[in-house]
S.K.: 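The structure follows.
Labels below follow one simple rule: chain letters A, B, ... track the order of the sequence lines, proteins then strands, and each chain is numbered from 1. These numbers were taken from a predicted model, which means no experiment stands behind them.
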Amino acid sequence: MLLPPRCIAAARNAAHLNHTFYRHIAAVRNVAFRNAAQLTHTSSRLLSWPARVADPHSRLQAYISTSPNPVLNLSIEHFLFQTSPPGSRILFLYTNSPSIILGRNQNPWSEVNLSLLSAAPRGPQTEPPDLGAVALVRRRSGGGTVFHDGGNVNWSVICDLGEFTRDKHAEMVVRALRELGVERARVNERHDIVLDQGATRRQSDTEDTHRTPWTDPDAPPPLKVSGSAYKLARNRALHHGTALLGSPNLHVIPDYLHSPAKGLITSKGVASVSSPVGNIGVENGAFEDAVRDEFLRMYAADVEAEVVGEQMLEVPEVKKGYVELKSPEWTYLQTPQFTFSTPVLERIASGQLREGAFTMSVRYGVITSISLEGLPGTLELANFADRRLHEVQSWKDFLHGLDLEVPVSHGHVSLPSFLTSAFPPTSMCI
Amino acid sequence: MGAFRAAGMQRRGFAVAAMLRVKKYTEDHEWVELGEDGVCNLGISKYAANALGDVIYVELPELDMEVGFGDTVGAVESVKSASDIMAPVSGKVVATNEALEEKPGLLNQDPEGEGWIAKIKVEHEEELDGLMDEEAYIKFTEESS
């Protein structure tokens, strides 16, 4: 199989990052990429990568990705989680292009404003700024929805379940941040990393990663800069976290993470807890270096960080996870069961409005029932059942011209328009 | 084939049946307990329930689903952690513990009793032979922590 040009592009991207650590590894890998590109078959180095990950003697491994593809990076991470040997500790660092990453057991329709994910330009500049195509990915770990972009470095540590605690590696990242002079960083009670907002410096133990000189219960709430999530399986534990270093998009994140259907969806599964967020203000490369150094210090060893990227798609197990993660079945049909219910209004002959309720139940991403209450004899809706919610292309057609309106904050909108904004066809969101 | 074997077992009486009901554990911290009818109960161990912390969501397998050895048959979420529940045996899901959908906390309160997850009609009983008994499992958890 001929390696595609994207491998070279990935190497070039890495070289653009103006940082010593990155420059060093990029230089090493540029040679490997060039050599690989000349071969007509997957290079032996690539074939040996899975074996090296699985090597029982590889007790400490560190990787950094050159790919901005969230699906690929999560798939490489999952491969490391599944393949690395018992007892080993793995560090993986990656940065994604703009994307929204759902927790394993979350509901995309209640967590995300899906109609904003379209790549198409959305009219005049007075609209909320749009980022072009934003990927939607359901990750394999638990927790809430997060936004990723180039100003956010994801760090991930894999170890045995027996030595795992939820704070251990968040504390590692706090120590790395403090090495970079970020003295306000600490781990909070939700295992996230926050920056304290106290006004005055107080006495504090510098070794305490759960307290800073600016910890002050009376100060404005700390800003969350890193959210944690975990995956536990086969006696291994994966802890990954975001690190908001310099995202230019903080002001639009709330637009993306506010669903028009929120409040109308009653769902099992996991709802996100929203927190005020902030940027740390550190360069990506400096952060990557500091985290790697702290990881190596923590486990008293010295290994070189290996660069991974698009070429890992050649590894069948990575590809398999990639295809699964990218599928609409994974993204949508894995949604815990939920019910959507909204008041609806019908205009009757006298010009008056009659109020009813439109209710839709969804299990495994499939509509199991739709009902209309309070509006006598309007429609027989049973035949709408068993459709996959994300595959409904036109709510107008789907509802056979059912002429109802939904009350919203600024008046009324038609039921099909409202449903289209809350449950857009998936072609609109990737 | 499983049905024939199950019928045979029932005739053998209590002593054998009691032996067959010995609980076995997996390295993934699940427990299985095979009944005389060839159906085994599946759940997660107390050790796993402790490691998970407060369980807030349990995804149960679909009824009648055919599962293979090592397949994911469910998911648990606790304190931002997702864990898979794997099938340590092949067979068919014949019951799920729907009480967990309303009260996921049962998994913490009584993981090896009321917090069972599913019942699987076992296809190859010999798959259970490779699993650990309680003593071996306790040793396993002590060694890995």
S.K.: With sequence neighbours excluded, tell me which residues meet side-chain hydrogen bond (donor to acceptor under 3.5 Å, both in side chains) with A:Ser75.
M.R.: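 If we apply the side-chain hydrogen bond (donor to acceptor under 3.5 Å, both in side chains) test to A:Ser75, skipping adjacent residues, there are no hits.
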S.K.: Extract all donor-acceptor atom pairs below 3.5 Å that involve side chains of residues 72-79 of chain B and protein atoms in other chains or at least two apart in sequence.
M.R.:
residue : atom : partner  : partner atom : Å
B:Glu77 : OE1  : A:Asn105 : ND2          : 2.9
B:Glu77 : OE2  : A:Gly143 : N            : 2.6
B:Ser78 : OG   : B:Leu52  : O            : 2.8

S.K.: Of the listed residues (B:Ala51, B:Ala82, B:Ala48), which shares the most heavy-atom pairs with chain A below a 4.5 Å separation?
M.R.: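 The residue among B:Ala51, B:Ala82, B:Ala48 with the greatest pair count is B:Ala82.
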S.K.: Yes or no on side-chain hydrogen bond (donor to acceptor under 3.5 Å, both in side chains) for A:Arg104 and B:Ser83, after CA distance, side-chain angles and deciding distance?
M.R.: CA-CA 10 Å; A:Arg104 168 71 179 82; B:Ser83 327; over 6 Å; no
S.K.: Could you note down all residue pairs passing salt bridge (Lys or Arg N to Asp or Glu O under 4.0 Å) where residues 39-53 of chain B supplies at least one of them, sequence neighbours left out?
M.R.: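 Listed once each, the pairs would be none.
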S.K.: Which of residues 89-114 of chain B have a heavy atom under 4.5 Å from any heavy atom of chain A?
M.R.: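 Hits under 4.5 Å: B:Glu101, B:Glu102.
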S.K.: Checking B:Leu60 against chain A: side chain, backbone, both or neither under 4.5 Å from a heavy atom?
M.R.: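 For B:Leu60, backbone heavy atoms alone lie under 4.5 Å from chain A.
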S.K.: Thinking salt bridges, do B:Lys24 and B:Asp133 make one under a 4.0 Å N-O criterion?
M.R.: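 Here B:Lys24 does not pair with B:Asp133 in a salt bridge, since their nearest N and O are not under 4.0 Å apart.
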S.K.: Would you tell me whether B:Tyr25 and B:Ser45 have side-chain atoms, one donor and one acceptor, within less than 3.5 Å of each other?
M.R.: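 Absent: no donor and acceptor within the cut-off.
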S.K.: Among A:Arg140, A:Gln337, A:Lys268, single out the residue with the greatest number of heavy-atom pairs under 4.5 Å to chain B.
M.R.: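 Heavy-atom pairs under 4.5 Å are most numerous for A:Lys268.
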S.K.: Could you tell me which of A:Tyr230, A:Phe164, A:Tyr364 has the largest number of non-hydrogen atom pairs under 4.5 Å with chain B?
M.R.: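 Highest number of heavy-atom pairs under 4.5 Å: A:Tyr230.
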S.K.: Examine the side chains of A:Asn154 and A:Asn73 and answer whether a donor and an acceptor come within less than 3.5 Å of each other.
M.R.: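 There is no such pair between these side chains.
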S.K.: Please determine, among A:Gly142, A:Ala233, A:Pro86, the option with the most heavy-atom pairs under 4.5 Å with chain B.
M.R.: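 It is A:Gly142.
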S.K.: Under 4.5 Å, counting heavy-atom pairs only, tell me which of A:His239, A:Lys231, A:Arg166, A:Arg234 racks up the most with chain B.
M.R.: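 That would be A:Arg166.
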S.K.: Has A:Arg89 got its NZ or CZ under 6.0 Å from the middle of the six-membered ring of A:Phe295, at an angle within 45 degrees of the ring axis?
M.R.: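 No - A:Arg89 does not lie over the ring of A:Phe295 by the 6.0 Å and 45° rule.
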S.K.: Check whether the side chains of A:Arg236 and A:Ser84 place a donor and an acceptor atom closer than 3.5 Å, and report yes or no.
M.R.: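 Looking only at side-chain atoms, A:Ser84 and A:Arg236 do form a donor-acceptor pair, the distance falling under 3.5 Å.
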S.K.: Mind ranking A:Gly269, A:Gly144, A:Ala229 by heavy-atom pairs under 4.5 Å with chain B and telling me who comes out on top?
M.R.: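 Most pairs with chain B among the choices: A:Gly269.
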